[in-house]
Amino acid sequence: DCATVELVLTNSTGRDFEGWESDFDLPVGISEYWSARIFDDGNARYTAENLGWNGRVPAGESVVIGFNTLEGQLDEEQLNRQADFTLDFI
């Protein structure tokens with residue numbers, strides 16, 4: 001079984017940004033993704049980057065990205081606790 005994951009990236013900084021990047025750990029592979037370019041470093045660490053049409057994120061707004069995993073059920077609480085999410089606005 002695979003899982004479908006949706007990440008909501010919210011700009012709570014009070015400033016508008018023209019791009020974003022998010023890094024996270026994931027114990028399973030990714031088969032398909034949308035609303036971002038996603039790269040794997042080969043060690044279960046992923047980087048998601050904005051596409052041209054969704055890079056601008058005004059203050060207080062969000063971007064939603066998603067992906068399907070190759071295998072395994074993901075426990076949402078465990079994923080949020082262990083994924084070591086980072087979000088950088090550019």
Side-chain angles (χ1 to χ4, degrees):
D1 290 338
C2 65
T4 298
V5 177
E6 184 175 86
L7 300 177
V8 179
L9 311 175
T10 302
N11 178 359
S12 58
T13 67
R15 305 182 346 196
D16 294 350
F17 289 95
E18 298 300 322
W20 53 265
E21 177 179 294
S22 180
D23 298 305
F24 54 93
D25 296 325
L26 192 66
V28 297
I30 292 176
S31 63
E32 303 168 324
Y33 50 88
W34 52 93
S35 300
R37 283 185 293 274
I38 298 182
F39 308 94
D40 177 2
D41 73 356
N43 293 309
R45 183 80 176 159
Y46 290 86
T47 298
E49 297 176 342
N50 67 269
L51 300 174
W53 60 269
N54 67 353
R56 180 167 166 67
V57 185
E61 297 294 320
S62 299
V63 172
V64 179
I65 67 171
F67 57 86
N68 291 327
T69 63
L70 287 170
E71 70 279 327
Q73 298 292 331
L74 291 177
D75 178 277
E76 183 177 343
E77 185 176 316
Q78 180 183 13
L79 178 63
N80 286 327
R81 189 175 54 250
Q82 295 178 350
D84 190 25
F85 286 104
T86 63
L87 176 59
D88 297 312
F89 287 105
I90 304 165

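Counting begins at 1 with the first residue of the sequence.
Leu51 and Val63 end up in different hydrophobic clusters when Ile, Leu, Val, Met, Phe, Trp and Tyr side chains are linked at under 4.5 Å.
With a 4.5 Å cut-off on side-chain heavy atoms, Ile90 and Glu18 do not count as touching. Counting heavy atoms from C-beta outward, Ser35 and Asn54 have side chains that approach closer than 4.5 Å. No side-chain heavy atom of Leu70 sits under 4.5 Å from any side-chain heavy atom of Ile30. In this structure, the side chains of Asp25 and Tyr46 stay at 4.5 Å or more apart for every pair of heavy atoms. Contact annotation: the side chain of Asn11 approaches that of Phe89 to within less than 4.5 Å [non-hydrogen atoms, C-beta and beyond]. Taking the side chain as every heavy atom from C-beta outward, Thr47 and Phe24 never approach each other to under 4.5 Å.
A distance-only check finds no donor-acceptor pair linking the side chain of Thr10 to the backbone of Ser12 [under 3.5 Å]. A donor-acceptor pair under 3.5 Å links the side-chain atoms of Thr69 to the main chain of Ala3, judged by distance alone. Checking side-chain atoms of Arg37 against main-chain N and O of Asn50 turns up a donor-acceptor pair under 3.5 Å.
The ring of Phe39 has its center no closer than 6.0 angstrom to the ring center of Tyr33.
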Please lay out, stage by stage, how Leu7 and Phe67 fare under the test side-chain contact (heavy atoms from CB on, under 4.5 Å).
CA-CA 9 Å; Leu7 300 177; Phe67 57 86; 4.1 Å; yes
Ser31 vs Asn68, side chain to side chain donor-acceptor pair (under 3.5 Å): CA-CA, chis, key distance, verdict
CA-CA 6 Å; Ser31 63; Asn68 291 327; 4.9 Å; no
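Taken from OG1 in Thr86 to CD in Glu21, the straight-line distance is 7.0 Å, to the nearest 0.5 Å. The CD1 atom of Ile38 sits 5.0 Å away from atom CD1 of Ile65, with the distance rounded to the nearest 0.5 Å. For the atom pair Leu26 CG and Phe85 CZ, the distance stands at 8.0 Å (nearest 0.5 Å).
Scanning both residues, Trp20 and Ala36, for their nearest heavy atoms gives CH2-CB, 3.8 Å. Summarising the geometry of Ser22 relative to Leu87, their closest heavy-atom pair is CB-CD1, 4.1 Å, with the distance given to 0.1 Å. Between Ala83 and Arg45, the shortest heavy-atom distance links the atoms O-NH1, 3.4 Å.
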